[in-house]
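Computation of the quantities below employed the complete heavy-atom set of this structure, encompassing side-chain atoms and omitting hydrogens, waters and symmetry-equivalent molecules.
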2 protein chains.
Amino acid sequence: MQFSKSTDYALHALLHLGNSERCNNVGIKELASTLGVSESYLSKIMSKLRQDGLVRAVPGVNGGYELSRSTEQITFLDVIQVIEGRQKLFECSNTDSQQHRLLAEEETAGRDQERSGKCECLVQKVMEGAEQHLHQYLREHTIQSVLDEAFKHGNHETNKK
Amino acid sequence: MQFSKSTDYALHALLHLGNSERCNNVGIKELASTLGVSESYLSKIMSKLRQDGLVRAVPGVNGGYELSRSTEQITFLDVIQVIEGRQKLFECSNTDSQQHRLLAEEETAGRDQERSGKCECLVQKVMEGAEQHLHQYLREHTIQSVLDEAFKHGNHETNKK
DNA sequence: TTATTATGGACACTACAGGTCTATAATAAT
DNA sequence: ATTATTATAGACCTGTAGTGTCCATAATAA
Ligand code: SF4
Ligand code: SF4
């Protein structure tokens, strides 16, 4: 249960892009060298970010990447979901066991199917809650919010034209 | 980013143990059949739970497993951490990149090393926060809280002596 | 003593993270 | 139009972790 390195790279790449909005495009070379990662691997990650609309890419001389939204509109959740996928935190397996009957069946029967066919048991309800809390927190933190913090702490060698 | 199946099994096993506190010991056979999992695999998981002190185990005839604490004192976080380990949600890799200098060095230098050598950057600070929120939520949900919910919803064929 | 039960180790299979390399496509500058 | 430059997509490799089985051994209550 850990975020992958790719998420790490993606976050740092976006932070770099957000930080250097002087000339529009940042090439994979500059990006890879500042992050200390191989160009090969990072380009895959950037490609993913592009497919999900977080960045734009343009080939050719002086090409490279740029953010497709403002930094305030790119949340940690966005980045994480692009890289890690949108699978549930908890995916139940044995819905046909005896356990299931005790914890889920009675409920949906008694409460006569609250909403559509969601059919969620008590365990999943807890896990859903955990996921929602986590997502909410990650939605509240954006690339910009990190950049702001960095500026506050006396780091002023950025955004120089 | 998903909890493993083992966590699923562990939770269900503990729920079953918490639910049947009539005769003290529940064997791996009963446990495995009610969960619909193989005895082989489940026994490994139970072994882990024992090593971390969540359950007690006794071999021999009429042996089996029993909870070593009350159901209110076994939180979702406990179970998850036993199975998934206690690694951080986010583990940074390239602390020697240029990025790192921009986001972390300046801070620890400016704030003159807030606490001991923790040396946490802004990215990690966000992730730490996420982890803390998640943990707090998971700490508030116990085996007992799920069992209580189950009872409330009209399921009364449990705890029969 | 014995039948029963948990435990630990060895092993196999699969999926995926992490990473490299190369050929191709797209673009801007000339 | 050509060319140099850059991103993209695919094939490929490696190691490791999750999932699972099987068996030999240890511990225990009857
Ligand atoms: S009780 Fe919930 S978690 Fe358990 S098997 Fe049923 S749906 Fe899955
Ligand atoms: S800035 Fe933070 S996340 Fe990035 S490399 Fe440094 S310590 Fe790691």
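Between Leu14(B) and the choices Val146(B), Ile143(B), Thr71(B), the side-chain contact (heavy atoms from CB on, under 4.5 Å) rule is met once, by Ile143(B).
You'll find that the side chain of Ser4(B) is closest to dT19(D), out of dT19(D), dA6(C), dG18(C). The side chain of Ser47(B) lies closest to dG8(C), out of dG18(C), dG8(C), dA29(C). Closest to the Val58(B) side chain, of the nucleotides dA29(D), dT7(C), dT19(D), is dA29(D). Closest to the Pro59(A) side chain, of the nucleotides dT8(D), dA26(C), dA29(D), is dA26(C). Relative to the side chain of Ile28(B), the nucleotides dA6(C), dA7(D), dA28(C) differ in distance, and dA6(C) lies closest. When each of dC21(C), dT21(D), dA27(D) is scored by its nearest atom to the side-chain atoms of Ser38(B), the top-ranked nucleotide is dT21(D).
Contact check, Tyr65(B) against dT7(C): a side-chain N or O comes under 4.0 Å of OP1 or OP2. Using a 4.0 Å cut-off, some side-chain N or O of Arg50(B) falls inside it from OP1 or OP2 of dT7(C). A close approach under 4.0 Å does not occur between any side-chain nitrogen or oxygen of Arg56(B) and OP1 or OP2 of dT5(C). Taking 4.0 angstrom as the limit, Ser6(A) places none of its side-chain polar atoms (N or O) nearer than this to OP1 or OP2 of dA17(C). Not one side-chain nitrogen or oxygen of Tyr41(B) sits closer than 4.0 Å to the OP1 or OP2 atom of dT7(C).
Looking only at side-chain heavy atoms (C-beta outward), Asp96(B) and Asn94(B) come within less than 4.5 Å of each other. A heavy-atom distance below 4.5 Å is not found between the side chains of Tyr137(A) and His133(A). Residues Thr142(B) and Gln73(B) fail the side-chain proximity criterion, which asks for heavy atoms closer than 4.5 Å. Between Ser20(A) and Val26(A) the shortest side-chain heavy-atom distance falls below 4.5 Å.
When Watson-Crick and G-U wobble pairs are counted only if both distances are under 3.5 Å, dA30(D) pairs with dT1(C).
Among the atoms of the strands shown, only primed sugar atoms or phosphate atoms (P, OP1, OP2) are found under 4.0 Å from some heavy atom of Gln51(A). Contact annotation for Tyr9(B): backbone-only contact, meaning every heavy-atom pair under 4.0 Å involves sugar-phosphate atoms and none involves a base.
As rounded to whole Å, 15 Å separates atom C1' of dG18(D) from atom CD of Gln2(A). Computed from coordinates, the Leu31(B) CG to dT5(C) C1' distance equals 13 Å when rounded to whole Å. As rounded to whole Å, 14 Å separates atom C1' of dT21(D) from atom CG of Leu42(B). The distance from atom CD of Glu91(A) to atom P of dT19(D) is 12 Å, rounded to the nearest whole Å. Atoms CG (Asn62(A)) and C1' (dT5(D)) sit 9 Å apart, rounded to a whole Å. When rounded to the nearest whole Å, the span between CE of Met46(A) and C1' of dG18(C) equals 18 Å. Straight-line distance from the CE atom of Met1(B) to the C1' atom of dG18(D): 16 Å, rounded to whole Å. If you take CG of Asp8(B) and C1' of dG18(D), they are 14 Å apart, rounded to a whole angstrom.
Side-chain contact of Gln98(B) with His16(A): a donor-acceptor pair under 3.5 Å is absent, judged by distance alone.
Between Val37(A) and Gly60(A), the residue anchored closer to the 5' end of DNA chain C is Val37(A), taking for each the nucleotide with the nearest heavy atom. Mapping Val61(A) and Ser43(A) onto DNA chain D by nearest heavy atom places Val61(A) closer to the 5' end of the strand.
Taking 3.5 Å as the limit, the base of dT21(D) and the side chain of Lys44(B) contain a donor-acceptor pair of atoms between them.
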